[in-house]
Amino acid sequence: MTMKERAQFTKENKGEYTILIPNMLPIHFTFLCNVLNSQGYKAELLTTMHRDIVEEGLKNVHNDTCFPALLVIGQFLDALKSGQYDLDKVALMITQTSGGCRATNYISLLRKALDNNNLSHIPVISLNMSGLESNPGFKLTMPIIKGFIFSIIYGDLIMWIKNQTLPYEKKHGETEEKIKKWTRLLSDELKYKKVKYKMVKKHFKEIIDDFSSIECSEEQKVKVGIVGEIYVKFSPLGNNNLERFLIDEGAEVVTPGLIDFILYATDATLRDYILYGGNLVKNKIAKMLKGFIVRVQNDMIDAIKYSGRFTPMSTFNHISNLVTGYVGREMKMGEGWLLPAEILELIDADVQNIVCAQPFGCLPNHIVGKGMFRKIKESHPSSNIVSVDYDPGATKVNQENRIKLMLAVAKRMAH
Ligand code: SF4
């Protein structure tokens, strides 16, 4: 099927077709779906986690393809074959990063997989901010962009502070209850109300206060940071539920949020303009967007600091400075300079134990991930970093054994 012939998501399809969204971060993506629904779409988040997804991926994409693509495409096809959806009234949404990496082309792999299964009539919507593919029935409007930013910041806040209560809660399940409560409340608001920034700032305090009320033990667990390629870093499907595994092994997990990745991508657009020139309007929009996101992130960090109960994350500005002398900020393939920057951010916050989650065969992230370990360890000898590869053939036991080894060193160092 040529690009010209691709199935389009038309204006008439809006509100009538169910748009399936693959899951990467359960809290954040629930909010994102609700933002779309507030604008008249009918979006649904796929929350499936079973092994058939990998099998479906293996059947439909080459096994040399990036593992995230294999899982996302596998999850879509598994859903389409589940019998739960009217195949004449369903569409799929996938991001196109527009960077130099293969993530820009997952969409073509997905269309090929649909074609192989006689499903090429199903429209695929590209989510991108760089003017790549478009569909007459979907437009990335200002309310959607703003809603997405608020969704990501809410998701980051909840993820960050819940990691500081979950391993210590005295009443089992209390943190989970608070997550559910706030996911429900904020989802309703994002779906039914016009969200103003004043409200968002007010919610920062309310969320922090609510999580502060969770009674926790005084015990100090070993802190373990998670960094890596964006999908396997965050997605429980991609990393075999790494966060849960670490908590069960007695660790406190520290995961830098998604907003830094968005800022990193915006920063890359601005750097491209400095290096190569380009569209002045696009550059101005990127500058404005970055300024707004930085402001929102700083306000969230201030709210955490003000509470005095939780350790805040670092600002984007601080992370960007930490990486100086390690890798240039022009390095923007895969997670680029952000990956070593997040390792340094964790070490700077005294989180010495770090799991770097990488899809097997992901060249850019092996260079900016594993490839940076030696340099980082030279300047931070007490850091304890392990790289774990994720791919369809890797066994969970092997991955967990590597992490257990790292944890054993971590626990020895703590005593
Ligand atoms: S960063 Fe790695 S996993 Fe992601 S598209 Fe590039 S090669 Fe694939």
Side-chain angles (χ1 to χ4, degrees), residues 1 7 18-26 29-30 33 43-96 101-127 228-245 355 357-363 365-366 387-403:
M1 184 179 225
T18 304
I19 303 174
L20 302 182
I21 315 258
N23 201 359
M24 183 170 83
L25 273 155
F29 277 48
T30 304
C33 275
E44 188 180 315
L45 184 66
L46 295 174
T47 52
T48 40
M49 281 278 289
H50 47 261
R51 175 73 202 177
D52 289 353
I53 293 171
V54 178
E55 299 304 329
E56 223 22 271
L58 281 169
K59 266 191 266 164
N60 287 288
V61 290
H62 195 278
N63 63 355
D64 270 354
T65 305
C66 314
F67 189 44
L70 188 139
L71 288 178
V72 167
I73 294 170
Q75 192 174 39
F76 276 140
L77 284 160
D78 177 72
L80 294 175
K81 291 179 183 179
S82 68
Q84 281 183 48
Y85 302 98
D86 179 346
L87 297 181
D88 290 319
K89 284 194 176 164
V90 70
L92 313 176
M93 183 176 274
I94 192 165
T95 48
Q96 264 190 302
C101 218
R102 289 183 276 183
T104 306
N105 302 312
Y106 286 4
I107 197 161
S108 312
L109 298 174
L110 174 57
R111 288 214 175 91
K112 188 167 178 287
L114 288 174
D115 205 17
N116 290 346
N117 287 276
N118 296 321
L119 295 168
S120 54
H121 64 284
I122 294 180
V124 181
I125 305 166
S126 157
L127 186 66
E229 185 277 335
I230 186 166
Y231 186 86
V232 292
K233 169 187 170 186
F234 288 128
S235 162
L237 175 65
N239 61 28
N240 281 325
N241 226 335
L242 175 60
E243 231 185 69
R244 184 72 259 167
F245 172 74
V355 178
Q358 321 210 115
F360 177 75
C362 166
L363 184 66
N365 286 320
H366 276 76
S387 144
V388 182
D389 281 347
Y390 292 88
D391 78 299
T395 65
K396 197 170 179 239
V397 178
N398 275 349
Q399 290 159 349
E400 292 181 353
N401 281 345
R402 276 182 70 75
I403 300 167

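All values derive from a computational prediction rather than experimental measurement.
- Ile94 places none of its side-chain heavy atoms less than 4.5 Å from the side chain of Ile125.
- For the pair Phe29 and Met24, the tightest heavy-atom approach, listed with the atom from each and the gap, is CZ-CB, 3.7 Å.
- In this structure, Gln96 contributes its side chain and Leu127 its backbone to no donor-acceptor pair below 3.5 Å.
- For the pair Pro392/Leu70, a side-chain contact is recorded, criterion being any heavy-atom separation below 4.5 Å from C-beta on.
- Counting heavy atoms of neighbouring residues, nucleotides and ligands inside a 6.0 Å radius, atom NZ of Lys59 exceeds 12 of them.
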### Task
Could you walk me through whether Tyr390 and Leu242 pass side-chain contact (heavy atoms from CB on, under 4.5 Å), step by step?
CA-CA 11 Å; Tyr390 292 88; Leu242 175 60; 3.9 Å; yes

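- Between Phe67 and Val232 there is a side-chain heavy-atom pair separated by less than 4.5 Å.
- Closest of all the heavy-atom pairs between Gln358 and Ser387 is NE2-OG, 3.8 Å.
- Looking at Tyr85 and Glu44, their side chains do bring a donor and an acceptor atom within 3.5 Å of each other.
- Side-chain contact between Ile403 and Val388: present, with at least one pair of heavy atoms (C-beta onward) separated by less than 4.5 Å.
- Heavy-atom minimum distance, Val124 versus Arg111: O-NH2, 3.3 Å.
- Residues Pro236 and Met49 meet the side-chain proximity criterion, which asks for heavy atoms closer than 4.5 Å.
- From Leu119, atom CG reaches atom CG of Leu87 across 6.0 Å, with rounding to the nearest 0.5 Å.
- Separation of atoms CZ (Phe245) and CG (Asn241) is listed at 11.0 Å; rounding is to 0.5 Å.
- Taking NZ of Lys233 as the reference point, atom CG of Asn365 lies at 11.0 Å (rounded to 0.5 Å).
- Using a 4.5 Å cut-off on side-chain heavy atoms (C-beta onward), Lys112 and Asn116 make contact.
- Closest approach of Asp78 and His50 over heavy atoms only: OD2-NE2, 2.9 Å.
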### Query
Which is it for Ile21 and Leu46 under the side-chain contact (heavy atoms from CB on, under 4.5 Å) test, yes or no, and what are the steps along the way?
CA-CA 6 Å; Ile21 315 258; Leu46 295 174; over 6 Å; no

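- Distance check: Leu45 CG to Ile19 CD1 gives 13.0 Å after rounding to the nearest 0.5 Å.
- Going from atom NE2 of His121 over to atom CG of Asp115 covers 11.5 Å, rounded to the nearest 0.5 Å.
- Residues Ser120 and Ala7 come closest through the heavy atom pair O-CB, 3.6 Å.
- To the nearest 0.5 angstrom, Thr65 atom OG1 is 7.0 Å from Arg102 atom CZ.
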### Message
Evaluate Tyr106 against Thr95 for side-chain contact (heavy atoms from CB on, under 4.5 Å), listing each step before the verdict.
### Response
CA-CA 8 Å; Tyr106 286 4; Thr95 48; over 6 Å; no

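- Side-chain contact check for Pro359 versus Cys66: every heavy-atom pair is 4.5 Å or farther apart.
- With hydrogens and angles disregarded, no donor-acceptor distance shorter than 3.5 Å links the side chain of Glu56 to the backbone of Gln75.
- Nearest heavy atoms, Val90 versus Ile122: O-CG2, 3.5 Å.
- For the side chain to side chain contact (heavy atoms under 4.5 Å, CB included) criterion with Leu114, the lone passing option out of Leu109, Ile73, Leu80 is Leu80.
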